[in-house]
Amino acid sequence: MCGRYTVAIQAQEAADELRAVLTIDAIEPRFNLAPTEDAPIAIEREERRIGLARFGLVPAESESPKAAGARWINLRAEGVATQRAFAESASRRRCLVIADGFYEWKREGTKKQPYHFRPVGGGLITFAGIWDIWQGGVGDETKRIPSFAILTTKPIAPVADIHDRMPMIVPPALRDRWLSPDEQDAREVIRAIQRAEPVALEAFKVSTKVGSVANDDPSLIVPLDDERLR
DNA sequence: CCAGACGTTGTT
DNA sequence: GTCTGG
DNA sequence: CCAGACGTTGTT
DNA sequence: GTCTGG
């Protein structure tokens with residue numbers, strides 16, 4: 001599963017790599033991005049844009065963002081396209097979640113050991129996501145809250161040693177297809193991603209400080225030892 | 001996702 | 001033990 | 001026809 | 001938004 005991740009890349013770098021237009025000035029470097037916080041995503045409408053949305057899907061028909069809470073931070077890629085509450089988003093509102101790594105916790109008895117995963121060689125990775133806009137309030141109090149969920153899938157090495165789910169990573173070659181509004185059958189693209197050569201990852205054991213969302217600095221991704229999972 | 005807060009009753 | 005907040 | 005439910009994840 | 005129940 002994926003409830004915490006990192007994104008510390010230049011906005012312009014992301015825009016160039018994704019061939020997207022920026023609607024934000026910068027991407028704030030984050031080393032412990034958590035549910036309910038705003039995060040950069042790329043979507044495609046008339047043009048491809050990078051903007052901010054809340055991590056944790058708030059379906060449009062939700063009573064409130066508070067009611068949705070952090071319930072839908074992740075959705076199983078296997079079923080999302082056919083579940084009635086999410087099918088519409090999966091078909092027409094897919095997004096790329098911009099990141100450079102993610103955390104998973106390994107349960108060792110009563111202890112929980114966090115690991116940081118990142119692409120070998122570093123750089124940008126994109127998670128498959130779906131998004132929606134929740135609107136509420138009346139008159140001048142009206143609010144418009146974009147939000148997203150990260151799709152999850154069965155883990156590949158080295159995640160499989162640590163946890164039994166992982167975020168679905170869209171390889172660079174399939175990003176266009178994932179975002180394309182013309183591709184309305186989400187199942188097809190998901191299958192294509194799962195057939196594709198996976199993005200190679202490496203991982204290191206990191207400090208349990210990452211557990212607390214109050215901590216958010218580069219020390220969180222510093223390896224605790226030399227052991228490098230691949 | 002994890003961490004941390006929450007938690008009663010009656011009475012004045 | 002469960003809910004809430006980030 | 002309308003109203004109301006639906007929908008996650010993980011873990012044991 | 002879509003499906004199900006009545």
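Chain letters run A, B, ... following the sequence lines, proteins first, then strands; residues in each count from 1.
Rounding to whole angstrom units, CD of residue Glu37(A) and C1' of dC2(B) are separated by 12 Å. Atom CD in Glu28(A) sits roughly 13 Å away from atom C1' in dG6(C) (whole-Å rounding). What separates CZ of Arg84(A) from P of dT2(E) is a distance of 12 Å, to the nearest Å. Going from atom NZ of Lys106(A) over to atom P of dC1(B) covers 17 Å, rounded to whole Å. Look at CD on Gln113(A): it is 14 Å from C1' on dC2(B), rounded to the nearest Å. Whole-Å rounding puts the Asp38(A) CG to dG5(C) P distance at 17 Å. Spacing between atom CD1 of Ile130(A) and atom P of dT2(E) amounts to 14 Å, rounded to whole angstrom units. Going from atom CG of Asp164(A) over to atom P of dT9(D) covers 11 Å, rounded to whole Å.
Classified by interplanar angle (parallel below 30°, tilted 30° to 60°, perpendicular above 60°), the ring pair Phe102(A)/Phe117(A) is parallel.
Side-chain contact check for Thr6(A) and Asp100(A): at least one donor-acceptor pair (N or O, by modelled atom type) lies under 3.5 Å. Side chain to side chain, Thr23(A) and Arg49(A) fail the donor-acceptor criterion of an N or O pair below 3.5 Å.
Across dC2(B), dG1(E), dT9(D), the shortest atom-to-atom separation from the side chain of Ala85(A) is found for dG1(E).
Taken residue by residue, residues 56-82 of chain A places heavy atoms nearer than 4.0 Å to DNA chain D at Pro59(A), Glu61(A), Arg71(A), Trp72(A), Asn74(A), Leu75(A), Arg76(A). Near DNA chain D, meaning a heavy atom under 4.0 Å away, there are no residues from residues 206-225 of chain A.
Just one residue in the list Phe127(A), Tyr103(A), Phe31(A) forms a ring pair (Phe, Tyr, Trp, His ring centres under 6.0 Å) with Tyr5(A), and that residue is Phe127(A).
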Self-check item: Nucleotide pairing, DNA chain B (Watson-Crick or G-U, distances under 3.5 Å), in dot-bracket with [ ] and |
Solution: ||||||......

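Around atom CD of Gln194(A), more than 12 heavy atoms belonging to other residues, nucleotides or ligands sit under 6.0 Å away.
Residues Pro40(A) and Ile50(A) come closest through the heavy atom pair CB-CG2, 4.4 Å. Nearest heavy atom pair, residue Asn215(A) against residue Leu220(A), reads O-CD1, 3.5 Å. Nearest heavy atoms, Pro171(A) versus Val199(A): CA-CG2, 4.0 Å. The heavy-atom pair separating Gly3(A) from Ile73(A) by the smallest distance is CA-CD1, 4.0 Å. Scanning both residues, Leu18(A) and Thr126(A), for their nearest heavy atoms gives CD2-CG2, 4.0 Å. Pairing each heavy atom of Arg92(A) with each of Gln184(A), the nearest pair is NH1-OE1, 3.8 Å.
The same atom, P, is picked in dC6(D) and in dG6(C); the two are 29 Å apart, to the nearest Å. Across the P atoms, dT9(D) and dG5(C) are found 23 Å apart, a figure rounded to whole Å. Nucleotides dG10(D) and dC2(B) place their C1' atoms 13 Å apart, quoted to the nearest Å.
Here Asn32(A) lies out of heavy-atom contact (under 4.0 Å) with every strand.
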Quiz prompt | Arg76(A) vs Leu151(A), side-chain contact (heavy atoms from CB on, under 4.5 Å): CA-CA, chis, key distance, verdict | solution = CA-CA 6 Å; Arg76(A) 293 178 158 255; Leu151(A) 305 192; over 6 Å; no

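Residue Arg165(A) places none of its side-chain N or O atoms closer than 4.0 Å to OP1 or OP2 of dT9(D).
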